[in-house]
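One structure below.
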Amino acid sequence: MTPRDLAVDRSDPPLQADEATTLRTFLDYHRDTLRWKTASLDAAQLATPLAPSDMTLGGLLKHLAYVESNWFSAVMTGGDELAPFDTVDWSADRDWDWHSAADDSPAELRILFDRAVAASDQVIDGALASDDGLDLLSVRTDGRTGEAFTLRWVLVHMIEEYARHNGHADLLREAVDGLTGE
């Protein structure tokens, strides 16, 4: 199988666009990259780690669904995280999202990820439609500094988070079935 065989629509961000469009399209590009790197894999493949790490592609999907929910639903709006993240005892297992992914089917992981992305996009759309746009401040603040985050900061952070984890996904996918690609 080659990267082109996978049915994930992924388009490059425009070379010339305003700041909000550039940030959103880079975030979408990285979201689609994760979808691409996890496409067509079964439960066993999504649960396959690459030693010495216990990281898996399924764990990446669930972790990034959690990260989306945390930053957009909780931090930006002050609301609750999406289910199932809203009821997790994080003090019992700080890495629950990673560890519990093996208990979920591929369809459940993909639905959870897509649901988290859709909820995040609603928050982003609302924020960008406001007078503050990218300068909109989060409801929740940084635990260390007490400062609010701008939407701009959160979008850049999310791009960084995906870029880092998509590098992991490259290695994991190659180890699972030999698929390589940008």
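Throughout, numbering of the chain's residues begins at 1 and tracks the sequence. Here the structure is a predicted model, which means the values were calculated and not measured.
Cluster membership check: Trp36 does not share its hydrophobic cluster with Leu41, using side-chain heavy-atom separations under 4.5 Å among Ile, Leu, Val, Met, Phe, Trp and Tyr. Hydrophobic clustering, with ILVMFWY side chains joined whenever heavy atoms are under 4.5 angstrom apart, groups Val75 together with Ile124. Note on Tyr162: it clusters hydrophobically with Val123, by side-chain heavy-atom contacts below 4.5 Å among ILVMFWY residues. By the criterion of side-chain heavy atoms lying less than 4.5 angstrom apart, applied directly or through intervening Ile, Leu, Val, Met, Phe, Trp or Tyr residues, Leu171 is grouped together with Val176 in one hydrophobic cluster. Under a hydrophobic clustering in which Ile, Leu, Val, Met, Phe, Trp and Tyr are joined whenever their side-chain heavy atoms come within less than 4.5 Å, directly or via other members, Val156 and Val154 fall into the same cluster.
The OG atom of Ser11 sits 7.0 Å away from the CG atom of Asp32 when rounded to the nearest 0.5 Å. Interatomic distance, Arg94 CZ to His99 NE2, rounded to the nearest 0.5 Å: 11.5 Å. In this structure, Leu34 CG and Leu57 CG are separated by 8.0 Å, a value rounded to the nearest 0.5 Å. Met158 CE to Glu160 CD: the interatomic distance, rounded to the nearest 0.5 Å, is 10.0 Å. Considering CG of Asp121 and CG of Leu128, their distance stands at 10.0 Å, rounded to 0.5 Å. Separation of atoms CH2 (Trp90) and CG (Asp95) is listed at 8.5 Å; rounding is to 0.5 Å.
Judged by distance alone, the side chains of Thr21 and Asp18 do bring a donor and an acceptor atom under 3.5 Å apart.
When all heavy atoms of Leu155 and Leu134 are compared, the pair lying nearest together is CD1-CD2, 3.7 Å. The two atoms that bring Lys62 and Ser100 nearest to each other are NZ-OG, 2.8 Å, heavy atoms only. Counting all heavy atoms, side chain and backbone alike, Leu23 lies closest to Ile159 at O-CD1, 3.5 Å. Of all heavy-atom pairs between His30 and Asn166, the closest is O-ND2, 3.1 Å. Heavy atoms only, all atoms of each residue included: Ala74 and Glu81 are closest at CB-CG, 3.8 Å. The nearest pair of heavy atoms linking Arg115 to Leu82 is O-CD1, 4.1 Å.
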Could you go step by step and tell me if Arg31 and Leu64 meet the side-chain contact (heavy atoms from CB on, under 4.5 Å) rule? CA-CA 9 Å; Arg31 289 166 167 169; Leu64 285 162; over 6 Å; no

Please assess Leu151 against Phe72 for the test side-chain contact (heavy atoms from CB on, under 4.5 Å), listing each intermediate value before the final yes or no. CA-CA 9 Å; Leu151 175 63; Phe72 292 108; 4.1 Å; yes

What verdict does the side-chain contact (heavy atoms from CB on, under 4.5 Å) test give for Val117 and Phe113, after you've listed the backbone C-alpha separation in whole Å, the side-chain angles of each residue and the deciding distance to 0.1 Å? CA-CA 6 Å; Val117 167; Phe113 178 77; 3.8 Å; yes

Taking it one step at a time, do His168 and Leu50 satisfy side-chain contact (heavy atoms from CB on, under 4.5 Å)? CA-CA 10 Å; His168 299 134; Leu50 176 60; over 6 Å; no

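Looking at heavy atoms from C-beta onward, Thr38 lies out of side-chain contact with Leu60 at the 4.5 angstrom threshold. Side-chain atoms of Leu112 and Phe85, non-hydrogen and from C-beta on, do get closer than 4.5 Å to each other. Between Leu172 and Thr56 there is no side-chain heavy-atom pair separated by less than 4.5 Å. Looking at Gln122 and Thr77, their side chains never come closer than 4.5 Å, going by heavy atoms from C-beta outward.
Of the possible polar contacts, one joining the Asp42 side chain to the Gln45 backbone as a donor-acceptor pair under 3.5 Å is found. Of the possible polar contacts, one joining the Ser130 side chain to the Ala127 backbone as a donor-acceptor pair under 3.5 Å is found. Looking only at distances, a side-chain donor or acceptor of Thr25 sits under 3.5 Å from a matching main-chain atom of Thr22. Between the side chain of Ser69 and the main chain of Ala65, no donor-acceptor pair closer than 3.5 Å is present.
Salt bridge status for Asp177 with Arg173: present, with a side-chain N to carboxylate O gap under 4.0 Å. The pair Asp125-Arg24 counts as a salt bridge, with a side-chain nitrogen and a carboxylate oxygen less than 4.0 angstrom apart.
Applying the ring pair (Phe, Tyr, Trp, His ring centres under 6.0 Å) criterion to His63, with sequence neighbours excluded, gives Trp98, His165. Residues satisfying the ring pair (Phe, Tyr, Trp, His ring centres under 6.0 Å) test with Phe149, not counting sequence neighbours, are Trp71, Trp153.
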